[in-house]
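One structure is given below, encoded as structure tokens.
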Amino acid sequence: MKIVILGGDGFIGWPTALHLSARGNDIIIVDNLSRRAIDNELECESLTPIRSMEERISAWKEVTGRQIKFYNIDISLQYEELVEMFELERPDSLVHFAEQRAAPYSMKSSKHKRYTVNNNVNGTNNVLCAILDSGLDIHLVHLGTMGVYGYSSVGLKIPEGYLKIEIPVPKEGDKTSNGHVDEAANALPTGNASESDSSDDETASTHSNDSEYTPKDDNIPMEIYYPPRPGSVYHMTKVLDAQMFEYYNRNNRMRITDLHQGIVWGCSTPETLLDERLINRFDYDGDYGTVLNRLLMQAAIQHPLTVYGSGGQTRAFIHIRDSVRCIEIALSNPPKPADRVLIFNQITETHRVRDLAALINQLTGVPVGAIGNPRNEAAENDLVVENKQFLELGLKPTKLSEGLLYEITELASKFSDRCDVSRIAPCSFWLPSTTKTV
């Protein structure tokens, strides 16, 4: 399979490129190296010493004999170059990582909010338009986020993208809120509802593996996108991505898979460990450091573990080795042209942040140092998530274990001299008043 990886220089993009290349796929990386530019802006480099893209690709060929191509293209601005690349390379599939991925960075200032929206939303729309203009049938796999669902307790298991609902059918003669008789009542269908755009298409499929659903009485059963509740500008752009996917899929029958991923932990995959020049990036700062990696790095340098607020936030997690495996599974199981957008919850387990901190404290003896929460979010939440689709397709989850935690702390200890302790504390705040409590 020939696969284009947008954002292939990043934290998940790079190990994904190596993982897929090692399995015999032809890989093309497209990246404008913006994450490296943000390192310069924030004056905080990866804890691990990542090499230039040229060195990385050269080392991969030297170690494995496999070639990875690279195009330096800003997909949010260089549309013609993107279309030309598609027409020249004619890929079978496309993996889209090329978005500003940090919620805190998206909340730093109006400048950063605008950059995140311009980069992420324009980039995704350009990708969709470029696929159409190329005339190719390219399967798009997009890395989304569990954050589109929000993190408030809702009392139900969050489904994989689609929520089953029922709409009551107005009875003839029922009055509307303004007292008038609802003349449209007789026009509403009373059986199973389907979208008018595809009601006459017998081949249309929902690509759903859910059990049979029986509505009550004459209610209309429907499946809708799970109502979004983004918690940052970054998460909001992922919600907007989902709306674009729904439109292009419905209007142009584009084949799209959207992966709602949890927080990634870990750093290394078997491929990145083959040579030190292939090492993956490790972010530990207040803007880009994911919570578990950030806590493990702090333990490695004997820095108090920075838990935000009560630590009662429950989050979904996935190890980076499982993340790249999930992307491979998604590429191998594409939707058909008539299918709706295929959505997976890409997570393997959930944990409360204070419980993770307590576990690391137990293993390392490093104390927990709670600080004010820079985010505007519930102090406590439950999170129950459906994730059966990847499990049914063969994913064998990598669960949290002492061995893997020690692996990360050892990596962090090895490069502890590269840590700038002043960058650990949060420096982006959801509300101006929050700065006084952190």
Hey, is the main chain of [Y] close enough, under 3.5 Å, to the side chain of [X] for a donor-acceptor pair?
| X | Y | result |
| --- | --- | --- |
| N126 | Y79 | no |
| S46 | F282 | yes |
| K69 | D26 | no |
| Q346 | L259 | no |
| N280 | I12 | no |
| Y149 | G161 | yes |
| K2 | E89 | yes |
| N25 | L20 | yes |
| H303 | L305 | no |
| N119 | E99 | no |

Flag the pair [X] / [Y] as yes when at least one side-chain heavy-atom distance between them is below 4.5 Å, and no otherwise.
| X | Y | answer |
| --- | --- | --- |
| I320 | P15 | yes |
| V95 | F97 | yes |
| T64 | S21 | no |
| V385 | M146 | yes |
| L356 | F317 | yes |
| I27 | I5 | yes |
| I57 | Q67 | yes |
| L128 | L140 | yes |

Separation of [Y] [atom2] from [X] [atom1] (nearest 0.5 Å):
| X | Y | atom1 | atom2 | result |
| --- | --- | --- | --- | --- |
| D322 | K396 | CG | NZ | 11.0 Å |
| T269 | L273 | OG1 | CG | 6.5 Å |
| D241 | T124 | CG | OG1 | 3.5 Å |
| N249 | I256 | CG | CD1 | 5.5 Å |
| L278 | S268 | CG | OG | 11.0 Å |
| L383 | N381 | CG | CG | 6.5 Å |

Candidate pair T237 and N120, rule side chain to side chain donor-acceptor pair (under 3.5 Å), full reasoning: CA-CA 6 Å; T237 65; N120 294 6; 3.1 Å; yes
Flag the pair [X] and [Y] as a salt bridge only when some basic side-chain nitrogen lies within less than 4.0 angstrom of an acidic carboxylate oxygen.
| X | Y | answer |
| --- | --- | --- |
| D9 | R281 | no |
| E45 | R36 | no |
| R321 | E407 | yes |
| D283 | R101 | yes |
| R255 | D137 | yes |
| E380 | R352 | yes |
| R340 | E246 | no |
| E54 | R277 | no |

Residue among R23, R56, R66, R325 satisfying salt bridge (Lys or Arg N to Asp or Glu O under 4.0 Å) with E271: R23
Partners meeting side-chain hydrogen bond (donor to acceptor under 3.5 Å, both in side chains) with D355 (sequence neighbours left out): none
side-chain hydrogen bond (donor to acceptor under 3.5 Å, both in side chains) partners of S52, counting only residues at least two apart: E55
Salt bridge (Lys or Arg N to Asp or Glu O under 4.0 Å) between R51 and E276, intermediate numbers included: CA-CA 9 Å; R51 304 299 180 93; E276 65 176 10; 3.6 Å; yes
Listed partners of [X] passing ring pair (Phe, Tyr, Trp, His ring centres under 6.0 Å), at least two apart:
| X | result |
| --- | --- |
| F11 | none |
| Y284 | none |
| H19 | none |
| H139 | none |

Minimal non-hydrogen separation, L331 against S93, with atom names: CD2-CB, 3.5 Å
Any side-chain donor-acceptor pair under 3.5 Å between [X] and [Y]?
| X | Y | answer |
| --- | --- | --- |
| Y247 | N252 | no |
| T116 | Q100 | yes |
| T306 | R294 | yes |

Parallel, tilted or perpendicular: ring planes of Y162 versus Y225, cut at 30 and 60 degrees: parallel
Evaluation steps, side chain to side chain donor-acceptor pair (under 3.5 Å), between H260 and E160: CA-CA 8 Å; H260 291 175; E160 303 205 70; over 6 Å; no
Ring-face cation of R375 near Y308 (centre distance under 6.0 Å, axis angle within 45°): no
Ring-face cation of R250 near F245 (centre distance under 6.0 Å, axis angle within 45°): no
Worked check of side-chain contact (heavy atoms from CB on, under 4.5 Å) between V264 and H319: CA-CA 6 Å; V264 178; H319 193 277; over 6 Å; no
T314 vs H351, side chain to side chain donor-acceptor pair (under 3.5 Å): CA-CA, chis, key distance, verdict: CA-CA 5 Å; T314 304; H351 295 283; over 6 Å; no
Pair H112-E41, side chain to side chain donor-acceptor pair (under 3.5 Å): steps then yes or no: CA-CA 12 Å; H112 294 87; E41 175 200 346; 2.7 Å; yes
Chi angles and distances behind the ring pair (Phe, Tyr, Trp, His ring centres under 6.0 Å) call for Y105, Y234: CA-CA 8 Å; Y105 184 85; Y234 156 72; over 10 Å; no
